Amino acid sequence: MGAGRVAGVTRARALRTRCLGAEGIREVAASRTLEDALRYLAATPYRHDVSPGATPAEAQHAVSATLLWHLRVLAGWQPATGADAVRALASGFEISNTQHHLRCFSAEDPRPASGGAPALDAGRLPPYRLGALATAWTRLARTRTPSELRAALAASVWGDPGDDSPAAVATGMRVSAAVRLATAVPDTVRWAAARLALLFGREVFVVGRRLPEVSVRRAARLLGPRAVGTGSYADFRQALPATARWLLDDIEEEANLWRAEARWWDAVERDGRELLRRSRFGPQPVVGAVALLSVDAWRTRGALELAARGGGPGDWSAEVLDAPR
């Protein structure tokens, strides 16, 4: 066993202590004001990027930036294959940067595509600093028009999103990320396929927006051609492969797809704990550490939003914030 792999796994297990945890997240969610929540976070692993007086969007962005920093540190301790896995798992940050960049020269609605990460506040929040976790961001950041951005994506590992609209770019990148993640990190196939099913279901059956054909073809690699070719949500759900169907098993109406979001994160947390516990010095503990750090950041962002609304005991959704028992 190489020294690099041993060091990388050791670092991954050590990063587990950087999670706020269920009790800490409840404390944030119970805060009566956002300032109270920020004061609490100032004594936690999220203290580096969280500042007093931050807006809800700034605070959530800071939490995500802290997560990204941990992933960059973790990737730096990995051999090449381990770093590639972390990069694939962190692809959402490059997607967020690209959405933000596209909005800077687009008159389109700034809201994110269905299923996407919360939008960055253009003009106020900086792009995430990706470092070695970037795949094509340096080239994408230099583009000045939507058509240039699309061309840069087409020439990169992201592939052509099929159109240069914000919705097509955001959705196309997420489809591409899911397929690449399932290919590069076999332990995440179940996560990638289910997340893609949720994205596809929202876009097509809730928003009513047909994906560009190139994205439909990519999605078929994980969901199957029969599923992506269906005309109704019921048929789509039944045609999904087992790797994706589990997420939508009892969600019989597309209007209830919102329930799948927290379920997906709960599954990632359970699987992540199991992967991190594995004793061998392979990629599994690293993937598990990324999963647990990501779940913790997602719940912390949700808790901050609730604190900004007044928080208080009993005011938050157990489906979003409660860790599975």
Side-chain angles (χ1 to χ4, degrees), residues 8 12 61 64-105 112-113 115-117 119-120 125-164 166-189 191-193 195-196 199 211-212 214-215 217-219 221-222 283 286-287 289-291 293-294 297:
H61 185 267
S64 295
T66 298
L67 167 63
L68 176 58
W69 173 249
H70 291 324
L71 299 190
R72 288 178 61 182
V73 170
L74 181 59
W77 283 80
Q78 305 303 314
T81 54
D84 288 343
V86 177
R87 187 176 298 108
L89 287 159
S91 61
F93 290 100
E94 188 158 303
I95 295 172
S96 290
N97 277 2
T98 305
Q99 288 180 264
H100 171 73
H101 181 62
L102 183 56
R103 286 196 303 273
C104 288
F105 46 76
L120 299 180
L125 300 177
Y128 291 112
R129 299 177 64 180
L130 302 177
L133 296 184
T135 55
W137 173 236
T138 301
R139 281 172 287 162
L140 297 176
R142 290 198 295 260
T143 61
R144 292 294 175 264
T145 66
S147 60
E148 284 184 10
L149 179 64
R150 178 184 175 183
L153 285 169
S156 74
V157 295
W158 291 103
D160 184 7
D163 194 88
D164 60 15
V169 168
T171 303
M173 291 183 76
R174 292 189 181 281
V175 172
S176 177
V179 173
R180 286 191 291 118
L181 179 61
T183 302
V185 191
D187 289 298
T188 68
V189 169
W191 305 345
R195 189 71 180 184
L196 181 55
L199 171 67
L211 275 62
V214 65
S215 289
R217 289 197 300 270
R218 284 197 191 101
R221 293 174 59 182
L222 285 185
V286 176
V287 175
V290 174
L293 288 166
S294 300

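The figures here come from the full heavy-atom set of this structure, side chains too, leaving out hydrogens, waters and symmetry mates. Since this is a predicted model, take the numbers as computed values, not measurements.
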| message | So which atom in V157 and which in S176 form the shortest heavy-atom distance, rounded to 0.1 Å? | response | O-OG, 3.8 Å
| Can you name the closest pair of heavy atoms from V175 and A219 and give their distance? | CG1-N, 3.7 Å
| Atom pair OG1 (T188) and CZ (R180), whose distance is rounded to the nearest 0.5 Å | 11.5 Å
| message | Using every non-hydrogen atom in the two residues, find where A168 and P161 come nearest and quote the distance to one decimal. | response | O-CB, 3.6 Å
| task | Provide the closest heavy-atom pair for A88 versus V185 in the form atom of the first, atom of the second, distance. | result | CB-CG2, 4.4 Å
| Atom CZ of R174 and atom CZ of R195: how far apart are they, to the nearest 0.5 Å? | 7.5 Å
| If you look at every heavy atom in A177 and I95, which pair is closest and at what distance? | CB-CD1, 4.2 Å
| query | Any side-chain heavy-atom pair from L67 and F93 closer than 4.5 angstrom? | reply | yes
| Polar side-chain atom of H100 near backbone of P126 as donor-acceptor pair, under 3.5 Å | no
| If we only count heavy atoms from C-beta on, is the L71 to V290 side-chain gap below 4.5 Å? | yes
| field | R150 bridged to D160 by N-O distance under 4.0 Å | value | yes
| message | Between H101 and T143 (side chain of the first, backbone of the second, donor and acceptor by atom type, cut-off under 3.5 Å), is there such a pair? | response | yes
| note | Taken to the nearest 0.5 Å, the spacing of L74 CG from L89 CG works out to 9.5 Å
| field | Check: H61 and Y128 side chains under 4.5 Å, non-hydrogen atoms | value | yes
Ignoring hydrogens and angles, write down the donor-acceptor pairs under 3.5 Å from the side chains of residues 133-141, residues two or more places apart or on other chains.
unit_1 : atom_1 : unit_2 : atom_2 : d
T135   : OG1    : E94    : OE1    : 3.3
T135   : OG1    : E94    : OE2    : 2.4
T135   : OG1    : W158   : NE1    : 3.1

| If you measure from OG1 on T98 to CZ on R103, what distance do you get to the nearest 0.5 Å? | 10.5 Å
| task | Could you please spell out the steps behind the side-chain contact (heavy atoms from CB on, under 4.5 Å) verdict for T171 and L199? | result | CA-CA 8 Å; T171 303; L199 171 67; 4.2 Å; yes
| request: Answer yes or no: is there a donor N or O on one side and an acceptor on the other, between the side chain of T183 and the main chain of V179, under 3.5 Å? | output: yes
| query | Which atom pair, heavy atoms only, marks the closest approach of A182 to A192? | reply | CB-CB, 4.0 Å
| task | Hey, could you give me each pair passing salt bridge (charged side-chain N to carboxylate O under 4.0 Å, His left out) that has a residue in residues 68-84? Not counting sequence neighbours. | result | D84-R87
| said: Within this structure, what is the CG-CG distance for the pair L196 and L181, rounded to the nearest 0.5 Å? | reply: 11.0 Å
| query | Can you tell me if T145 uses its side chain to pair, donor with acceptor, with the backbone of E148 under 3.5 Å? | reply | yes
